[in-house]
Amino acid sequence: MIEMFDVWKTYPNGTNALKGINIRIEKGEFVYVVGPSGAGKSTFIKLMYREEKPTKGQIFLGGFNVSRIKERQIPMVRRSIGVVFQDFKLLPTLSVFENVAFAMEVIEASPKQIKPRVMDVLGLVKLKHKAKMLPSELSGGEQQRVALARALVNNPGIIIADEPTGNLDPETSWEIMKLFEEINQRGTTVVMATHNREIVNTMRKRVVAIEAGQIARDEQRGEYGYED
Amino acid sequence: MPATSREGNTVMKIRTLGRHAREGVKNLVRNGWMTFASISAVTITLLILGVFLILAMNVNFFAQNVEKQVEIRVFIDTLATKDNIASLEQNIKSIPKVASVQFIPKDEGLKQLRESMGEKAYLFEGMDKENPLPDAFVVKTKLPQETAAVASELKKLEFVSSINYGEGTVEKLFAATGAVRNVGIGFIIGLGFTAMFLIANTIKLTIVARRREIEIMKLVGATNWFIRWPFFVEGLLMGIMGALIPIVILIISYHYLVDAINGSLIASQMFQLLPLFPLVYQVALALLAIGAFIGIWGSLVSVRRFLRV
């Protein structure tokens with residue numbers, strides 16, 4: 001599903017963010033990416049949805065060679081993955097329904113397909129009853145659920161999440177994590193960068209620790225392993 | 001499973017086209033104040049541009065009228081017979097740059113001379129009996145600027161005694177009208193560029209406010225053209241709306257100006273304004289085209305910066 005071979009990333013300012021990453025993530029896996037701030041976690045995540053390009057090495061993702069694709073193929077890669085961010089990235093002027101439908105409009109789905117599918121995923125994140133509200137009228141947890149619904153609406157094989165619980169209180173974080181778990185149970189691969197020690201140590205999954213641009217640890221049912 | 005086919009990329013669906021148009025219009029309404037600012041920028045610059053355009057076209061018209069007055073008088077040798085004169089006329093007509101040739105018998109020439117002298121016509125009294133003027137041809141060239149060249153050719157012909165076309169004065173006249181034209185063109189090009197940058201800048205402000213929207217569109221897999229189209233529609237509409245107001249203002253005020261000037265005593269053969277039609281059509285079309293072009297150009301240039309995610 002996702003494979004990286006000797007991936008290096010050097011930013012124009014000379015920072016070596018990643019130094020020779022090799023990893024293989026199978027279809028249907030749930031992977032936590034942990035590590036100190038500035039160790040290369042974000043870069044690792046950004047390489048997967050092609051926000052950044054590797055300086056060296058190969059990245060394969062769902063049939064694409066992400067490290068080699070042309071600029072105009074990037075949208076196609078992005079359509080095969082769903083992304084969730086710490087700051088939700090919802091459009092403030094659009095309703096909950098419209099925010100989710102947006103991701104389907106962009107790939108030119110027909111309105112006939114859009115309506116039932118959006119209501120479906122809103123049902124999955126339990127926000128059907130708030131479909132007409134604006135993001136500003138929702139709590140942080142609810143906003144993140146909308147973002148998750150948007151990431152899911154096009155049925156991607158992979159969900160990539162960059163600190164999805166970073167802005168949420170512990171209780172809400174657990175609600176979101178349960179949703180991720182549910183999505184993973186349905187067969188979607190989940191790759192999640194996180195700083196949340198409690199979650200990693202409780203909901204045991206594969207843990208990949210990145211330190212100083214290299215994979216320091218890669219364990220099934222691993223621990224968070226850092227004192228915050 | 002929703003459609004994620006690749007064909008949607010190359011052939012734009014009609015539904016998508018409708019969506020882009022709707023989005024473009026919606027964005028205009030949603031960003032009300034920014035839209036107002038952009039349209040105002042277009043309106044003001046196009047109004048100034050339109051005034052200059054009309055001014056320049058009228059100056060050009062005036063220059064043309066002045067130039068048209070230039071003619072060459074070819075005086076015929078008094079010894080020439082009728083046949084000689086007829087063949088001279090043929091020779092003149094065979095010069096490709098010549099537009100028209102008119103024969104002026106000496107009596108007619110004297111009459112014209114008297115008229116041109118106005119009050120001092122009495123000086124020529126008594127000349128009827130012994131007219132000192134020779135017969136003449138009045139020659140007009142196709143291009144007024146070719147007058148001097150044609151004149152020197154005419155000089156070489158048989159039975160031509162002398163030639164008069166206001167040598168010296170004519171050259172100065174053409175230099176003046178040429179300069180006026182160049183200054184006009186320079187002004188219009190300069191104004192056009194100013195308008196373009198002013199409008200592009202205003203539009204850029206509206207787009208910076210929406211970089212987040214573009215960022216999200218890119219993240220969910222929108223193609224660059226999918227993002228551009230609504231901005232294209234928006235720019236086009238802003239350009240056209242911005243052009244309509246100056247067009248209406250210019251038509252109305254020019255209508256009154258033409259009425260006032262062409263009907264008054266200042267107007268003469270030489271000094272006249274261009275008629276309302278087709279001038280206003282030309283100016284309206286030019287302003288619409290310029291408005292649409294800078295609207296689209298400004299939008300697309302500004303959105304380009306944010307497409308490189």
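Every chain is numbered from 1 and lettered A, B, ... according to where its sequence line falls, protein lines coming before strand lines.
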Original post:
What heavy-atom pair brings Val83(A) and Leu219(B) nearest, and what distance separates the two atoms?
Top reply: CG2-O, 4.0 Å
**OP:** Under 4.5 Å, counting heavy-atom pairs only, tell me which of Ile81(A), Thr93(A), Val77(A) racks up the most with chain B.
**Re:** Thr93(A)
Subject >> Interatomic distance, Leu90(A) atom CG to Ile216(B) atom CD1 [nearest 0.5 angstrom] >> reply: 7.0 Å
Subject >> Side chain proximity check, Glu108(A) to Arg19(B), heavy atoms < 4.5 angstrom >> reply: no
Subject >> Heavy-atom neighbours of Lys178(A) NZ exceed 12 at 6.0 Å >> reply: no
Original post:
Would a 4.5 Å heavy-atom cut-off, applied to side chains only, mark Phe226(B) and Ile107(A) as touching?
Top reply: no
Subject >> Other residues, nucleotides, ligands: >12 heavy atoms within 6.0 Å of Lys89(A) NZ >> reply: yes
Original post:
Atom CZ of Phe85(A) and atom CD of Glu215(B): how far apart are they, to the nearest 0.5 Å?
Top reply: 7.0 Å
**OP:** Name the region of Glu52(A), side chain, backbone, both or neither, that has any atom closer than 4.5 Å to a heavy atom of chain B.
**Re:** neither
Subject >> Atom of Ala222(B), atom of Pro75(A) and distance for their closest heavy-atom approach >> reply: O-CG, 3.7 Å
**OP:** Starting from the C-alpha separation in whole Å, work towards a yes-or-no answer on side chain to side chain contact (heavy atoms under 4.5 Å, CB included) for Glu51(A) and Lys218(B).
**Re:** CA-CA 10 Å; Glu51(A) 169 113 18; Lys218(B) 291 228 68 168; over 6 Å; no
**OP:** Answer yes or no: are there more than 12 heavy-atom neighbours, outside Arg68(A) itself, under 6.0 Å from its atom CZ?
**Re:** no
Original post:
In this structure, are over 12 heavy atoms from other groups packed under 6.0 Å from Phe36(B) atom CZ?
Top reply: no
**OP:** Starting at CG of Leu94(A), measure out to CD of Glu213(B) and round the result to the nearest 0.5 Å.
**Re:** 7.0 Å
Subject >> Within 6.0 angstrom of Phe187(B) CZ, more than 12 heavy atoms from elsewhere >> reply: no
Subject >> Main-chain N/O of Val220(B) paired to Arg78(A) side chain as donor or acceptor, under 3.5 Å >> reply: no
**OP:** State the OG1-CD distance between Thr223(B) and Glu71(A), to the nearest 0.5 angstrom.
**Re:** 12.5 Å
Subject >> Rounded distance (nearest 0.5 Å) linking atom CG of Asn224(B) with atom CD1 of Ile74(A) >> reply: 8.5 Å
Original post:
Quick one: what part of Ser110(A) sits under 4.5 Å from any heavy atom of chain B, side chain, backbone, both or neither?
Top reply: both
